[in-house]
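Contents: one structure, followed by commentary.
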There are 2 protein chains.
Amino acid sequence: MITLSEENYLKAIYHLGKQGTVAVSTNAIAEKIQSKASSVTDMIKKLADKNLANYIKYQGVSLTKKGRLAAALVIRKHRLWEVFLVNKLDFSWDEVHEIAEQLEHIKSLKLVNQLDAFLEYPTHDPHGDPIPDKDGNYSPIKSVNIFEVEIGKVGVLSFVKNATDAFLKYLNKNKLALGDTIKVIEQEPFDSSLTIETNNRKLVISKEVAQNLYLTL
Amino acid sequence: MITLSEENYLKAIYHLGKQGTVAVSTNAIAEKIQSKASSVTDMIKKLADKNLANYIKYQGVSLTKKGRLAAALVIRKHRLWEVFLVNKLDFSWDEVHEIAEQLEHIKSLKLVNQLDAFLEYPTHDPHGDPIPDKDGNYSPIKSVNIFEVEIGKVGVLSFVKNATDAFLKYLNKNKLALGDTIKVIEQEPFDSSLTIETNNRKLVISKEVAQNLYLTL
DNA sequence: TAAATTTTTTAGACAAGACTAAAAATATTT
DNA sequence: AAATATTTTTAGTCTTGTCTAAAAAATTTA
Ligand SMILES: [Mn+2]
Ligand SMILES: [Mn+2]
Ligand SMILES: [Mn+2]
Ligand SMILES: [Mn+2]
């Protein structure tokens, strides 16, 4: 049995350390999870005891195979529930994260898999993040940051790196959504802002915004 | 903020004491919730401190208006999720209780209400229990126990009192489901067993079974 | 109504998960 | 290579929710 709190730590380590394969620091986890370094030390000892993590004092923590699978399952649930909330319950993409943060801890393998089927096996969540399969695998993202796209070329908005409330609301306000076709018109050398065209209108986006937009070509 | 554990106690008091209006004993709660009397005493003090319960030492506990509403909301969520699992995710009625036991604690008013809409405002859960509305109200059950039905009369199976795994599986095996039209053919005086007719076949049910079947006429 | 029984409460302990403050180890500067 | 700064761990405390054992109150029986 993995507790709710343990699941949240597994997820943090997974995200910070390339799917848990690379050792991450106590402080990094504490910041991610909004707790203190001492609490993290306590918890990673428990994870190591349960064979979910590899831990050497003062050298950070990574996930075992078992820990990686457990983390991937939590992420799978999180993202499937986000799809459910947006596609079936009419939530907007900036409202779902907090609720998914709770739903991801519901324990029932059958529930996850039936939900997956009900949603018709989605491959990505409402923010463009890939949904792991039952074995924790997913195809790597093929999208590239909008700065990598040549001037004059088009791509489809398929992933937003920063899924914070503020950023998603900015996108809503500017009517930018996943699936939109975007053409890169011009880059301003002074501040790296981009002029883009989508749905027959031009839009200027700042460097900060552009850094978070990823397109598939 | 009401914790998960507090919600479970509220539900127990609500169910044991006529929607929490009547005082229930420490022991009764302990048995219902599978805990000990001393744990119950601790918790009902907390509920009273939070203005969710009325508690007088040695005289049992009932719910305040606030506590009744909170309990009804948990029950509302439990039953809506059960409907979701059965109607949308193809669970059978004997598999949903445990999962709903977890889902009932997810916190988001919008989620409950959107789920309600998505399910098209169901009035009863898969076991025939009524679903409270946003204000915690529901129309009282109009069904009667099958023993109250006159010989020769028909009714529709609309509620099963005992929703344990074993009983629901018995009903599955005997192809009895909510919504079935049932005619009461005969009662055996010796053991109070009933002969009933449904879907063009006759079936003999024991007193224990009959006590848990409720029909609308 | 007194004795015996049952129920409820209190006292004290424990595990999980979090925190602060201090000590130890590691990393960075000079 | 010291000295300094940062990171990590340890030690000790707190809260929530649970438990057992004992004490107190209420109820039932004799
Ligand atoms: Mn979470
Ligand atoms: Mn997401
Ligand atoms: Mn149920
Ligand atoms: Mn519950």
Side-chain angles (χ1 to χ4, degrees), chain A residues 1-14 16-17 20 22-63 67 70-71 74 98 101-102 104-107, chain B residues 1-17 20 22-63 67 70-71 74 101-102 104-107:
Chain A
M1 255 310 276
I2 302 179
T3 69
L4 186 150
S5 198
E6 286 166 350
E7 287 188 334
N8 284 335
Y9 278 91
L10 288 174
K11 226 179 28 154
I13 299 167
Y14 186 96
L16 289 169
V22 158
V24 296
S25 77
T26 303
N27 263 353
I29 297 167
E31 192 187 355
K32 179 109 186 169
I33 230 165
Q34 301 272 65
S35 65
K36 302 291 165 169
S38 55
S39 307
V40 173
T41 303
D42 282 350
M43 183 55 88
I44 61 192
K45 282 177 186 167
K46 287 175 200 160
L47 296 178
D49 285 347
K50 287 191 177 183
N51 255 300
L52 295 163
N54 309 116
Y55 170 53
I56 307 170
K57 262 192 196 179
Y58 295 103
Q59 306 208 172
V61 64
S62 62
L63 297 182
V74 177
E98 260 192 86
E101 205 57 42
Q102 300 176 60
E104 71 188 4
H105 303 291
I106 301 294
K107 273 159 185 66
Chain B
M1 256 309 277
I2 302 178
T3 68
L4 186 150
S5 197
E6 286 167 350
E7 286 188 336
N8 284 336
Y9 277 90
L10 288 174
K11 226 179 27 155
I13 299 166
Y14 186 96
H15 280 137
L16 289 168
V22 158
V24 297
S25 77
T26 303
N27 262 354
I29 298 168
E31 192 186 354
K32 180 110 186 168
I33 230 163
Q34 301 270 69
S35 65
K36 304 290 164 170
S38 54
S39 307
V40 174
T41 303
D42 283 350
M43 182 56 87
I44 60 191
K45 283 178 185 166
K46 287 174 200 161
L47 295 178
D49 285 347
K50 288 192 178 184
N51 255 298
L52 294 162
N54 308 114
Y55 169 53
I56 306 170
K57 263 192 195 180
Y58 296 104
Q59 305 207 174
V61 64
S62 62
L63 297 182
V74 177
E101 210 52 43
Q102 300 176 60
E104 71 189 5
H105 302 292
I106 301 293
K107 272 158 185 68

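Numbers restart at 1 for each chain; the letters A, B, ... are given by sequence-line order, proteins then strands.
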Between OG1 on residue A:T41 and CG on residue A:N27, distance to nearest 0.5 Å
9.0 Å

Atom-to-atom span, CD of B:Q59 to P of C:dT9 - whole angstrom:
10 Å

Starting at NZ of B:K50 and ending at P of D:dT16, how long is that distance when rounded to a whole Å?
8 Å

Rounded to whole Å, how long is the line connecting atom CD1 of B:I56 with atom P of C:dT8?
14 Å

Expected output is a numbered-order residue list: members of residues 36-46 of chain B with a heavy atom under 4.0 Å from any atom of DNA chain C. What is it?
B:A37, B:S38, B:T41, B:K45

How long is the line joining CD of B:E31 and P of C:dT6, in whole Å?
15 Å

Nearest-Å distance for atom pair CG/P, residues A:L4 and C:dA18:
9 Å

Spacing of A:T3 atom OG1 and A:L47 atom CG [to the nearest 0.5 Å]:
8.0 Å

Could you tell me the separation between the CD1 atom of A:I29 and the C1' atom of D:dT7, rounded to a whole number of Å?
13 Å

Can you give me the closest heavy-atom contact between A:S62 and A:G20, atom names plus distance?
CB-O, 3.3 Å

Among B:K50, B:K11, B:K46, find the one that has a side chain to side chain donor-acceptor pair (under 3.5 Å) with B:E6.
B:K50

Hey, is CD on A:E31 packed in by over 12 heavy atoms from elsewhere, all under 6.0 Å?
no

Tell me if the CD atom of A:E101 is crowded by more than 12 foreign heavy atoms within 6.0 Å.
yes

State whether B:S5 places a side-chain N or O below 4.0 Å from either non-bridging phosphate oxygen (OP1 or OP2) of D:dT18.
yes

Could you tell me how far apart A:K57 (NZ) and C:dA23 (P) are, to the nearest whole angstrom?
17 Å

Would you tell me if any nitrogen or oxygen in the side chain of B:Y55 comes within less than 4.0 Å of OP1 or OP2 on C:dT8?
no

Please determine if a side-chain N or O atom of A:Y9 lies less than 4.0 Å away from the OP1 or OP2 oxygen of C:dA16.
no

Look at the side-chain N and O atoms of A:T26 and state whether any lies under 4.0 Å from the OP1 or OP2 oxygen of D:dT9.
yes

Atom CD of B:Q34 and atom C1' of D:dG17 are separated, to the nearest Å, by 16 Å

C:dT8, OP1 or OP2 - any side-chain N/O from B:N27 closer than 4.0 Å?
yes

Would you compute the distance between atom CG of A:D42 and atom NZ of A:K36 and round it to the nearest 0.5 angstrom?
14.5 Å

